[in-house]
Amino acid sequence: NDVTSAMTQMTFQNIRNLGANGNQPLITNQNDFQIFDNVTWIKGPHTFKVGGSVTFRSREILNADNIVGNFGFNNNMTSNCAGVAAGCTLNSSTGFDVASFLLGYATTKNRNLFDAGTYTEKRPEWSLYLQDDFRVSSKLTLNLGLRMEHYVDRYPDQSFTPNGHAALVGWQDARYQTFIAPVSSEGRDVANTFNVSPRAGFAYDLSGDNRTVIKGYYGRFYFNSADTLADLENPVGNARLRYRFLDQNGNRLLDGPSELGAFVQTLGGAGSVNVDDNSRRPYSQEFSGHLEREIVSGLSGRASYVYKQV
């Protein structure tokens, strides 16, 4: 298969990794439909501008994550404590990940099955802005504005059967059975936010001849998280259960549930993260001041100070 065939990824502790990227292939078909327009109206010393846009984003995704497999190698498998179940003090100067690789002693190995189905994310966005360039006097001009934005972060209706481990077939542990149970979920709006961003600036002619001007600006900018929040909560995604490995026979392979000790943690975001419905979108603010002076016709100099709060 030209899409899902590649060299297995091999990760090392001390040297660069080999093989295909673990999250490939990722095939995305993006279809966006956007309508936007703006109007300018001049009335006396005011120049008013009003504009807006509506965007309907649709993203069809095929992500066969880790389909080519992954082998991880570190120093431990060839250290002085290699193969010793307990009671050994590790000497950090022993072991080498390349030696572990040459001997075929992998610390971790995994490969996901391929689900040929795609899923589609749909997300509407709309924005509106109001702006006024107000010429207060022959020396002072103000630029005042507001930008309003509405974002929806969501994941779609979908279904998926997670991968189990061949050595754990028949294991009735409740956590494991829940983890590998087929998932069928309705789409949900994870975040639905409306934000108003003020913008303000001024320009003042210090000398009265338009050659020396002082300018100031303030603006607030809200973060568009796109699909980030939805991906965190999406119950269909990449997640793993981690247990203590007992390795009772010292072969460095999981031979059955009896070799799994205490549960340690869940890794990944699939179904294990709940996003607060009342989450507020983060923003940054910028303040800037500028002094400009025309030196000769066509040549000017500027001194600026810019402060950004992220």
Inset, instruction - Tell me, yes or no, whether the heavy-atom count around Phe71 atom CZ, taken from other residues, nucleotides or ligands under 6.0 Å, exceeds 12. - result: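 No, the 6.0 Å shell around CZ holds no more than 12 heavy atoms from other groups.
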Inset, instruction - Count the heavy atoms belonging to other residues, nucleotides or ligands that lie under 6.0 Å from CD of Gln265, then report whether that count exceeds 12. - result: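 Counting other residues, nucleotides and ligands, CD of Gln265 exceeds 12 neighbours.
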Is there side-chain contact between [X] and [Y], with at least one heavy-atom pair below 4.5 Å?
X: Ser127; Y: Arg147; answer: yes
X: Thr94; Y: Asn75; answer: no
X: Asp189; Y: Asp153; answer: no
X: Thr193; Y: Arg280; answer: no

Inset, instruction - Return the set of residues passing side-chain hydrogen bond (donor to acceptor under 3.5 Å, both in side chains) with Thr212 (not counting sequence neighbours), or none when no residue passes. - result: Arg293
Inset, instruction - Not counting sequence neighbours, which residues clear side-chain hydrogen bond (donor to acceptor under 3.5 Å, both in side chains) with Asn91? List them please. - result: Ser93
Shared hydrophobic cluster for [X] and [Y] (ILVMFWY, side-chain gaps under 4.5 Å):
X: Phe223; Y: Val196; result: no
X: Phe245; Y: Leu168; result: yes
X: Val264; Y: Leu246; result: no
X: Val50; Y: Val54; result: yes
X: Phe56; Y: Val152; result: no

Which heavy atom of [X] sits nearest to which heavy atom of [Y], and what is that distance?
X: Arg211; Y: Ile295; result: NH2-O, 3.1 Å
X: Ser297; Y: Glu294; result: CA-OE2, 3.7 Å
X: Thr40; Y: Lys49; result: OG1-CG, 3.7 Å
X: Ala167; Y: Asp255; result: CB-C, 4.0 Å
X: Asn74; Y: Asn76; result: OD1-N, 3.0 Å
X: Gly51; Y: Leu128; result: O-CD1, 3.0 Å

Legend entry - Arg281/Ser279 under side chain to side chain contact (heavy atoms under 4.5 Å, CB included): CA gap, chis, key distance, verdict: CA-CA 7 Å; Arg281 200 168 295 276; Ser279 296; over 6 Å; no
Sidechain-backbone polar pair: [X] side chain, [Y] backbone, donor-acceptor under 3.5 Å:
X: Asp97; Y: Gln13; value: yes
X: Asn80; Y: Thr89; value: yes
X: Arg244; Y: Ala262; value: no
X: Glu259; Y: Gln248; value: yes
X: Ser53; Y: Ile35; value: no
X: Gln172; Y: Gly170; value: yes

Applying ring pair (Phe, Tyr, Trp, His ring centres under 6.0 Å), can you list everything that pairs with [X], at least two apart in sequence or on another chain?
X: Phe96; answer: none
X: Phe101; answer: Phe12, Phe73
X: Phe194; answer: Trp126
X: Tyr283; answer: Tyr222

Legend entry - Pairing residues for Arg188 by the salt bridge (Lys or Arg N to Asp or Glu O under 4.0 Å) criterion, not counting sequence neighbours: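 Applying salt bridge (Lys or Arg N to Asp or Glu O under 4.0 Å) to Arg188 gives Glu233, Asp277.
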Inset, instruction - Output every pair passing salt bridge (Lys or Arg N to Asp or Glu O under 4.0 Å) with a member in residues 199-210, not counting sequence neighbours, ordered by first then second residue. - result: none
Inset, instruction - Kindly indicate, with the supporting measurements, whether the criterion side-chain hydrogen bond (donor to acceptor under 3.5 Å, both in side chains) is fulfilled by Gln34 and Thr55. - result: CA-CA 4 Å; Gln34 184 178 47; Thr55 304; 3.1 Å; yes
Would you mind writing out the side-chain donor-acceptor pairs for residues 130-144 within the sub-3.5 Å range, not counting sequence neighbours?
unit_1: Asp132; atom_1: OD1; unit_2: His46; atom_2: ND1; d: 3.3
unit_1: Asp132; atom_1: OD2; unit_2: His46; atom_2: ND1; d: 2.9
unit_1: Asp133; atom_1: OD1; unit_2: Asn143; atom_2: ND2; d: 2.3
unit_1: Arg135; atom_1: NH1; unit_2: Thr141; atom_2: OG1; d: 3.4
unit_1: Arg135; atom_1: NH2; unit_2: Ser138; atom_2: O; d: 3.2
unit_1: Ser137; atom_1: OG; unit_2: Lys139; atom_2: N; d: 3.3
unit_1: Ser137; atom_1: OG; unit_2: Leu140; atom_2: N; d: 3.2

Legend entry - Tyr305: hydrophobic cluster co-members (side-chain, 4.5 Å):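 In the cluster with Tyr305 are Tyr218, Phe287, Tyr307.
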Inset, instruction - Quick one: name the residues clustered hydrophobically with Trp41, using the 4.5 Å side-chain heavy-atom rule over I, L, V, M, F, W, Y, and just say none if it's on its own. - result: Phe48
Inset, instruction - Give the intermediate values and the outcome of side chain to side chain contact (heavy atoms under 4.5 Å, CB included) for residues Tyr217 and Glu286. - result: CA-CA 8 Å; Tyr217 171 79; Glu286 178 179 323; 4.2 Å; yes
Legend entry - Worked check of side chain to side chain contact (heavy atoms under 4.5 Å, CB included) between Val213 and Leu206: CA-CA 6 Å; Val213 180; Leu206 287 175; over 6 Å; no
Legend entry - side-chain hydrogen bond (donor to acceptor under 3.5 Å, both in side chains) evaluation trace for His150 with Asn195: CA-CA 7 Å; His150 179 234; Asn195 302 300; over 6 Å; no
Inset, instruction - Taking side chain to side chain contact (heavy atoms under 4.5 Å, CB included) as the test, write out the residues that go with Asp173, two or more places apart. - result: Trp171, Arg175, Tyr176, Tyr243
Inset, instruction - Report the C-alpha distance between Leu260 and Leu254 in whole Å, list the side-chain angles of each, state the deciding distance to 0.1 Å, and finish with yes or no for side chain to side chain contact (heavy atoms under 4.5 Å, CB included). - result: CA-CA 8 Å; Leu260 292 181; Leu254 177 62; 3.9 Å; yes
